[in-house]
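Let me begin by presenting the structure, written as structure tokens, before commenting on it.
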Amino acid sequence: MDKDGSKIIFSGIQPSGTITLGNYIGAVRNWPLTAKMGRGIFSVADLHALTVRNKPSELRARTLSTFAILLASGVDPENSIVFVQSHVPAHAELAWVLNCYTMFGELGRMTQFKDKSKQHSENVNAGLFTYPALMAADILLYDTDLVPVGVDQKQHVELARDIALRFNGVYGDVFTIPEGYIPSFGAKICSLTRPDKKMSKSDPNPKSYISIVEDADTIIKKFKSAVTDSDGRIAFSPEKAGISNLLTIYSTMTGCTVEEAVSEFEGSGYGDFKLAVGKAVAEGLRPLREKYEDLMNNKDYLVSVMEQGAARAAKIADRTLARVYKKIGLFKG
Ligand code: TYM
């Protein structure tokens, strides 16, 4: 909760690849909307991206472009705080403290750790394992009430709550207990080539995901080749993962309900349906893409917004960190 009683909304995104339509529908698109409920604080979580190997020049470039995407998606740097995680040292500092209040067994139960350690079996590093404690630090530094995320981050937000409750149980009411804010619809957008899997920016097959800043023709082409099924009916059901995913995407991008989308395409072939979804996405993302291109041509502006955001975030985060250090008994002369 903020000093004036308004809710604090915090979320983050890793600059670990291209930002996908899944990131956008499941999370980023909701950030400016949830920020209207109180004060929004949003971060490009670059420290999180270190859990896998990156080319330094690429990580730097992706951090800038992810920051631009947040602004292009409607995150308003006047009303919200938007910053790069590593620019506020309190994140790494509180993460260390919280590591000491997070159980090995809890971290071992995180499904994302299990999945990612299979995916990167050559580099199962300690950071990959303890990453949820860093995410808890991100959230708890700002007395966050709500954390808007897609469904794949739900378990990590729940762990942040458990860590906060454990800490408060020992030291009193130090942390606000956060809650996940998961959209009732679109919280898991699936891969276009394997609709039983979530759409992921780390998928090696670029046809499986839509980058939210790619050109209209590429977007439409990818939707045309999206995997569906062979029964030819446009319906929303668990057995029809490909078609259901496309219906979800269509309805979230156009603002209609799934029922309206189903009746709109009743009797259409899959080819026409996929083309219509592709066009709706390409058109829906056009303003974002144009704003993004403008912003990327104005690096000085982006850097100045970053600096202001980090200064504003650090003011809050440093206060929380000082409170924590005092509670746990770190000596200060
Ligand atoms: P990341 O970078 O993997 O994803 C950013 C956001 O996008 C959502 N998302 C999806 N939603 C729907 N369908 C999909 N296919 C899909 N893929 C991703 C994620 O749920 C997430 O909300 N650890 C976080 C970043 C983070 C963070 C935080 C989030 C760092 N600190 C503090 C909340 C609070 C991550 O890796 O998200």
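Order of appearance sets the numbers: ligands from 1, and atoms from 1 within every ligand.
- Side-chain N or O atoms of Ser268 include none that pairs as donor or acceptor with a backbone N or O of Phe273 at under 3.5 Å.
- Annotation: Ile139 places no N or O atom under 3.5 Å from an N or O atom of ligand 1; distance criterion only.
- Between the side chains of Thr102 and Asn99, no donor N or O sits under 3.5 Å from an acceptor N or O.
- Contact between Lys201 and ligand 1 is present, with at least one heavy atom of the residue lying under 4.0 Å from the ligand.
- Between Tyr131 and ligand 1 there is a heavy-atom distance shorter than 4.0 Å.
- Every atom of ligand 1 is numbered from 1 in the order shown, and the set under 4.0 Å from a heavy atom of Ala45 is 30 (C).
- Ring to ring, Phe42 and Phe83 are not that close: their centroids are 6.0 angstrom or more apart.
- Electrostatic pairing of Asp231 and Lys240 counts as a salt bridge here, judged by a charged N lying under 4.0 Å from a carboxylate O.
- Every atom of ligand 1 is numbered from 1 in the order shown, and the set under 4.0 Å from a heavy atom of Met199 is 14 (C), 15 (N), 17 (N).
- Counting only heavy atoms of the protein, atom 19 (C) of ligand 1 lies nearest to Asp152 OD1, 3.2 Å.
- Selection from Gln153, Arg29, Gln112, Met135 by nearest heavy atom to atom 37 (O) of ligand 1 gives Gln153.
- In this structure, atom 11 (N) of ligand 1 lies nearest to the protein heavy atom Gly22 O, 3.2 Å.
- Listed by number with element, the atoms of ligand 1 under 4.0 Å from a non-hydrogen atom of His48 are 30 (C), 31 (N).
- Ring planes of Phe185 and Phe236: tilted class, angle from 30 to 60°.
- Considering backbone and side-chain N/O atoms, Asp138 comes within less than 3.5 Å of an N/O atom of ligand 1.
- The protein non-hydrogen atom at the shortest distance from atom 36 (O) of ligand 1 is Gln14 NE2, 2.8 Å.
- Ring centroid separation for the pair His156 and Phe113 does not come in under the 6.0 Å cut-off.
- For atom 6 (C) of ligand 1, the closest heavy atom belonging to the protein is Ala27 CB, 3.6 Å.
- Protein heavy atom closest to atom 13 (N) of ligand 1, with residue, atom name and distance, is Ile189 N, 2.8 Å.
- Remark: among candidates Ile19, Asn23, Asp46, the nearest residue to atom 9 (N) of ligand 1 is Asn23, based on non-hydrogen atoms.
- Under the 3.5 Å distance criterion, the side-chain polar atoms of Lys222 are matched with a main-chain donor or acceptor of Tyr209.
- Ligand 1 has no atom lying under 4.0 Å from any heavy atom of Ile25.
- Between Tyr131 and His48, the ring planes are perpendicular. Angles over 60° get that label, and only those under 30° would be called parallel.
- Taking a cut-off of under 4.0 Å to the non-hydrogen atoms of Ala187, the atoms of ligand 1 that pass are 11 (N), 12 (C), 13 (N).
- In terms of protein heavy-atom proximity, atom 25 (C) of ligand 1 is closest to Gly12 O, 3.4 Å.
- The Val147 neighbourhood of ligand 1 comprises atoms 33 (C), 34 (C), with distances under 4.0 Å to a heavy atom of that residue.
- A donor-acceptor contact shorter than 3.5 Å links the side chain of Gln155 to the backbone of Arg109.
- Formation of a donor-acceptor pair under 3.5 Å by the Thr320 side chain with backbone atoms of Ile316 is found in this model.
- Neither the backbone nor the side chain of Ser43 has any atom closer than 4.0 Å to an atom of ligand 1 (non-hydrogen atoms only).
- Atoms of ligand 1 found under 4.0 Å from any heavy atom of Lys188, numbered from 1 in the order shown, are 12 (C), 13 (N).
- Note on Arg60 versus Asp46: no salt bridge recorded, every NZ/NE/NH1/NH2 to OD/OE distance being 4.0 Å or above.
- Note: Phe175 and Phe167 meet the aromatic proximity criterion, with ring centroids under 6.0 Å apart.
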